[in-house]
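A quick write-up on the structure given underneath.
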Amino acid sequence: MLVEITHLTKTFGNFKAVDDVSFGVGEGEIVGILGPSGAGKSTTIHMILGLISPTAGEVRIFGMPFEGNRERILEKVSFSAPYVAFPGRLTVFENLMVFARLYNVPSSKIEELLSLFFIRDLRNTRVARLSSGENTRVGLCKAFMNDPKLLLVDEPTAYLDPQIASQVKQVFLGLQQRCGTAILYTSHNMAEVETMCDRVIFLNRGRVIANGSPIEITQRILNENRDEPALEEVFLRVAREQSN
Amino acid sequence: MGRLAEMLYWPVQNIVVWGFFTIYLSRDNHLKPSLASFLLGAAILWGMFYAFQRDLAAGFLEELWSRNLINLFSTPLSVSEYLAGLVAVNLMKAAAGLLAAALAAWLFYAWNIFPKFGALLPFVLNLGLFALAIGIVITGLIVRYTTRIQALAWSFAGLLMPFSCVFYPLSSLPAPLRPIALLLPTTHSFEGMRQALGGGGVSGIDFARGFALNVIYFAFAIFFFHLMFQSARVRGLLVKPE
């Protein structure tokens, strides 16, 4: 397993954001983490990245415990989310150059990524002038800078128009097939998760309530025999039960 | 361009104001030439000290405001490397500001600090080290207590100023305040500066006292920053700092 999460728990005061979560992610696997708001998806991802310390449990990546191997692990891990941004005073290229230096990759890689995400014309534009969708694509350029073996993406297509979102998904799939990159993926777009993910981990109130392929999750939570995955219905069912 | 102007504008403006003040005090020989020299020297060095500690914390605040912290700390960048980068950039900015202020004093008021700079260098070093320690402590506090306390970046040095004997000698402070002043490397630096500008040479004792205090404060600052950073990780403040 590329990622092994065992009994991961996080409490903030009296609130248990993540409660005894265990799962693994294999090489080249695309795994979706789903759940209503406050289910613990982002907190789990942030703990995998070491941005939040777990209250209990362990994160192992590439067979190494995260604590004590942070730098070695993060050389081959990357992250993208629409709620992170870049200093607005710098241009797209200048911002990406910071990360190219951090990952020790040549600047030609930036040009390649700008083309890959269709923002070559924004190269010298200040980040403050970008739209949300353009900012998301700069974030994706940063996320692909180090050719990650593990990519964590939190709502990667949230602000993208359908055409760009579709192209971005193709880039993800290409990376997975070409480099065997494992992708841990959160999204509120259930159709996207159904088509992209080999496996889905469904979280609710910080706990894993189901772990399996989209069709297995659908059958288990809806308790019906279905031929097609219906994660939208699953999501609505879980959200309704949570609000009751 | 905006950054460059920002970096140079305040040091120059500070010297212009203090220059006019010394001209006013010098009229009719109200002010001894050495006092004018002390005032301008103090204005330049305090400006450098203030800017260095402020810009360290403000540099971190910029990452926070631009929501770039997650980007940075999800790379192999270590906390120590991040701090070293922050220090290196702001050291260059402080040096540029110091140079601009010194040139302004020379051009506008014919007061040339450069021939005395060798004698002032030990005290500039001590001021820089103390600014660094304070900047790191304030940055640590902002990491832990977030933007709620961001005003400290601009205001903290002001709290130290009355005790630092920037524009007056230690002997003019009320006796009960002197022990506090002696705990500050700034006090020893400005005492040493006055001796150097007055032609008394480098005060080894002022340098040594300031440096010894700096070693303690700097070690504490590094320890404190790591403590605050760990605490922020536990509380999830690196991802939700507002």
Side-chain angles (χ1 to χ4, degrees), chain A residues 10-13 15 17-18 42-43 45-55 67 69-90 95-96 98-105 126-128 135 138-139 141-143 145-146 148 150-154, chain B residues 1-7 55-86 88-90 93 139-140 142-147 150 225-242:
Chain A
K10 182 67 198 179
T11 52
F12 296 109
F15 175 66
V18 175
S42 296
T43 306
I45 283 190
H46 295 148
M47 282 194 281
I48 294 172
L49 285 165
L51 295 165
I52 296 178
S53 310
T55 307
E67 293 300 327
N69 296 287
R70 180 186 171 275
E71 277 97 46
R72 279 179 68 194
I73 287 171
L74 290 181
E75 273 173 19
K76 282 290 163 200
V77 175
S78 209
F79 174 66
S80 173
Y83 50 82
V84 295
F86 299 91
R89 290 210 236 189
L90 301 182
N95 268 299
L96 291 175
V98 171
F99 293 92
R101 295 253 168 91
L102 286 173
Y103 289 121
N104 201 20
V105 298
R126 284 185 184 206
V127 163
N135 199 51
V138 177
C141 287
K142 188 239 30 163
M145 189 72 73
N146 58 337
L150 171 66
L151 178 62
L152 300 117
V153 278
D154 205 352
Chain B
M1 193 60 196
R3 286 244 159 156
L4 194 67
E6 201 176 272
M7 195 162 71
D55 290 348
L56 268 175
F60 178 79
L61 274 170
E62 275 196 58
E63 305 291 3
L64 213 120
W65 294 329
S66 63
R67 294 180 289 138
N68 190 35
L69 277 184
I70 299 182
N71 276 331
L72 289 174
F73 288 114
S74 58
T75 70
L77 180 74
S78 69
V79 178
S80 308
E81 286 168 337
Y82 174 74
L83 265 185
L86 200 60
V89 168
N90 288 298
K93 283 170 72 177
T139 306
I142 294 170
V143 170
R144 169 62 186 83
Y145 296 100
T146 73
T147 48
Q150 63 189 13
F225 185 87
H226 280 273
L227 200 69
M228 293 293 102
F229 195 86
Q230 289 314 318
S231 176
R233 273 184 70 209
V234 168
R235 288 171 169 77
L237 296 171
L238 294 179
V239 293
K240 280 186 184 157
E242 306 279 348

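The chains referred to below are lettered A, B, ... by the order of the sequence lines, with proteins before strands, and numbering in each begins at 1.
- To the nearest 0.5 Å, atom CG of residue B:Asn68 and atom CG of residue A:Asn95 are 6.5 Å apart.
- Contacts between B:Glu81 and chain A at a heavy-atom distance below 4.5 Å are absent for every atom of the residue.
- Rounding to the nearest 0.5 Å gives a distance of 11.0 Å between CG of A:Leu74 and OG of B:Ser78.
- Using a 4.5 Å cut-off between heavy atoms, A:Phe86 contacts chain B through both its backbone and its side chain.
- The OG1 atom of B:Thr75 lies 6.5 Å from the CZ atom of A:Arg70; values are rounded to the nearest 0.5 Å.
- Of all the heavy atoms in A:Pro87 and B:Ser66, the pair that sits closest is CA-CB, 3.7 Å.
- In this structure, CG on A:Leu49 lies 11.5 Å from CG on B:Leu238, to the nearest 0.5 angstrom.
- The two residues A:Lys10 and B:Arg233 have their closest heavy-atom pair at NZ-O, 4.4 Å.
- Between the NZ atom in A:Lys142 and the CG atom in B:Leu72 there is a gap of 8.5 Å [rounded to 0.5 Å].
- The two residues B:Ser74 and A:Tyr103 come nearest to each other via the heavy atoms O-OH, 4.0 Å.
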Before giving the answer on side chain to side chain contact (heavy atoms under 4.5 Å, CB included), spell out for A:Tyr83 and B:Val239 the whole-Å C-alpha distance, their side-chain angles and the decisive distance to 0.1 Å. CA-CA 9 Å; A:Tyr83 50 82; B:Val239 293; 5.8 Å; no

